[in-house]
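Right, one structure below, let's go through it.
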Amino acid sequence: MTPAPQGTPPRAPVGSPRSQGVPSVTITHEAAWAPEPEAAPAAITPADVSDAARLVSFGLQAKLLPARDAEYAELVRRYREDPPFSRLADAVATGMGLVVLEVSPRAGMAVAAAEDSVFAVRMGDYSRRAASESTDRFLHGLAHLAVAALAFPRPEDLADDGYLGRVTVNGVDAFVRQACRRLEERAEADGTVTDPASDAPGLEAAWRVWARRSATGATKDARRLAGSTTGIVSKAVLFLVDSGFLQKTSDDAGGTYRTTARYQLQVRDLAGSAAMAELTELGVVPVTDGTATLLPADHADELVADAGLPFHSL
């Protein structure tokens, strides 16, 4: 062994005490500071897929609510608390051509059909079943638009999950007729009292038809005529009842109905449409200044009593 240079202390062997008597220190690495391995995501099982599809099937039953079915309520709870399950249920809905609007105890799984979905109910199909003439088909669409505008006249009504809107058949008809009067006044002011051009807005093309149509009419046995304007509104609200969007509360004023959470979610999507904007901009139901009143007509005749103003509780 080569001797250490003069004046240099000898090196201690590794792991042995130094010559000065200082004990050696052994350093051990604790495992506590090391990052824990991430848990592998749980594998999706056939039972999970079945549960997700079951939840979507509940959502397609428009009148069913979680409060009325324990299994439905449990699946809604799981959707809200289990992110992997909610993503799976969303994927199942998307594959069926459905858009998930909300999943909550109040609305259940509220879904809307995409345009290319087999579950889509197109207004053209609905109106062709409800009416034989093309003009009547357009009036059916106008009735649906008027129900939505009258049920939720303000943006805050759509934003408030606790809000309930109310409409009546007679009230919707009165609302549309008042809109017709506004359109007539606007046409006279513009000097366009003749039939509108083919590229005129939809409401401008429809107001004359609605205004000329009998509000009620009657058959020999006193039944309301299907082609009358209140008959058209009645078909519209009954369709909405069957779809889980309205609930009938009485027979007053031709039929009184209140809105559901599902309808509120649907109208939120409709609120940005051009047709909705065109109707509300007439000023019959102001939607931008925070008021919830149905403006009085400029003529001496008044709206029918109980025209269906919005409210919060029955």
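Numbers for residues simply follow the sequence, beginning at 1. None of the values given here were measured: they were computed from a predicted structure.
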Determine whether [X] and [Y] fall in the same hydrophobic cluster, where Ile, Leu, Val, Met, Phe, Trp and Tyr are linked whenever their side-chain heavy atoms lie under 4.5 Å apart.
X    : Y    : answer
V92  : I44  : no
F85  : V49  : no
L158 : L240 : yes
L64  : V56  : yes
L88  : Y72  : no

Within the structure provided, determine whether [X] and [Y] are in side-chain contact (heavy-atom separation under 4.5 Å).
X    : Y    : value
L55  : V76  : yes
L75  : M109 : no
I232 : L142 : no
M96  : V111 : no
L101 : Q266 : yes
V147 : L150 : no
T259 : Q247 : no
Y79  : D90  : yes

Main-chain N/O of [Y] paired with [X] side-chain donor or acceptor, under 3.5 Å:
X    : Y    : result
T256 : T249 : no
S117 : F119 : yes
S50  : P46  : no

(Q) We want to know whether R177 and T229 form a side-chain donor-acceptor pair, criterion being a heavy-atom distance below 3.5 angstrom. (A)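 Indeed, the side chains of R177 and T229 share at least one donor-acceptor pair under 3.5 Å.
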**Q.** Distance-only side-chain donor-acceptor flag, T230 / D173, under 3.5 Å
**A.**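 T230 vs D173: no donor-acceptor pair found between side chains.
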Q. Rounded to the nearest 0.5 Å, what separation is found between the NE2 atom of H144 and the CZ atom of F245?
A.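 Nearest 0.5 Å value for the NE2-CZ distance: 10.0 Å.
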Q) CZ of R77 to OG of S104: how many Å apart, nearest 0.5 Å? A)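 Between R77 CZ and S104 OG, I get 15.0 Å after rounding to 0.5 Å.
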Non-hydrogen atoms of [X] and [Y] that approach each other most closely:
X    : Y    : value
N170 : G254 : ND2-N, 3.6 Å
A62  : S243 : CB-O, 2.8 Å
A73  : P66  : CB-O, 3.5 Å
A143 : W210 : CB-CH2, 4.1 Å
A113 : L98  : CA-CD2, 4.0 Å
K63  : G244 : CG-CA, 4.2 Å

(Q) Quick one, E102 with R262, criterion salt bridge (Lys or Arg N to Asp or Glu O under 4.0 Å). Give me CA distance, side-chain angles, the key distance, then yes/no. (A) CA-CA 9 Å; E102 179 178 293; R262 280 176 175 263; over 6 Å; no
Q | From CA spacing to verdict: side chain to side chain contact (heavy atoms under 4.5 Å, CB included), L246, T260 | A | CA-CA 6 Å; L246 295 179; T260 66; 5.8 Å; no
(Q) Using the rule given for side chain to side chain contact (heavy atoms under 4.5 Å, CB included), can you reason through E81 versus S86, listing the C-alpha separation, both sets of side-chain angles and the distance that settles it, and then say yes or no? (A) CA-CA 8 Å; E81 298 178 4; S86 67; over 6 Å; no
Q. For R78 and D48, what are the C-alpha separation, side-chain angles and deciding distance, and is it a salt bridge (Lys or Arg N to Asp or Glu O under 4.0 Å)?
A. CA-CA 11 Å; R78 184 179 175 188; D48 294 330; 2.8 Å; yes
Q | Verdict with supporting geometry, V169 and Y257, side chain to side chain contact (heavy atoms under 4.5 Å, CB included) | A | CA-CA 8 Å; V169 169; Y257 302 82; 4.1 Å; yes
(Q) Please evaluate residues R106 and Q264 with respect to the criterion side chain to side chain contact (heavy atoms under 4.5 Å, CB included), reporting the C-alpha separation (whole Å), side-chain torsions for both, the decisive distance (0.1 Å), and the verdict. (A) CA-CA 12 Å; R106 78 181 187 111; Q264 186 181 49; 3.3 Å; yes
Q.
Between H140 and F239, is the ring centroid distance below 6.0 Å?
A.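 No, the ring centres sit 6.0 Å or more apart.
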Q: Please determine which of D161, D157, D160 meets the salt bridge (Lys or Arg N to Asp or Glu O under 4.0 Å) test together with R268.
A: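 The single option meeting the salt bridge (Lys or Arg N to Asp or Glu O under 4.0 Å) with R268 is D161.
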Q. Can the positive tip of R54 be found less than 6.0 Å from the middle of the six-membered ring of F58, inside 45° of the ring normal?
A.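 Here R54 passes the 6.0 Å and 45° test against F58.
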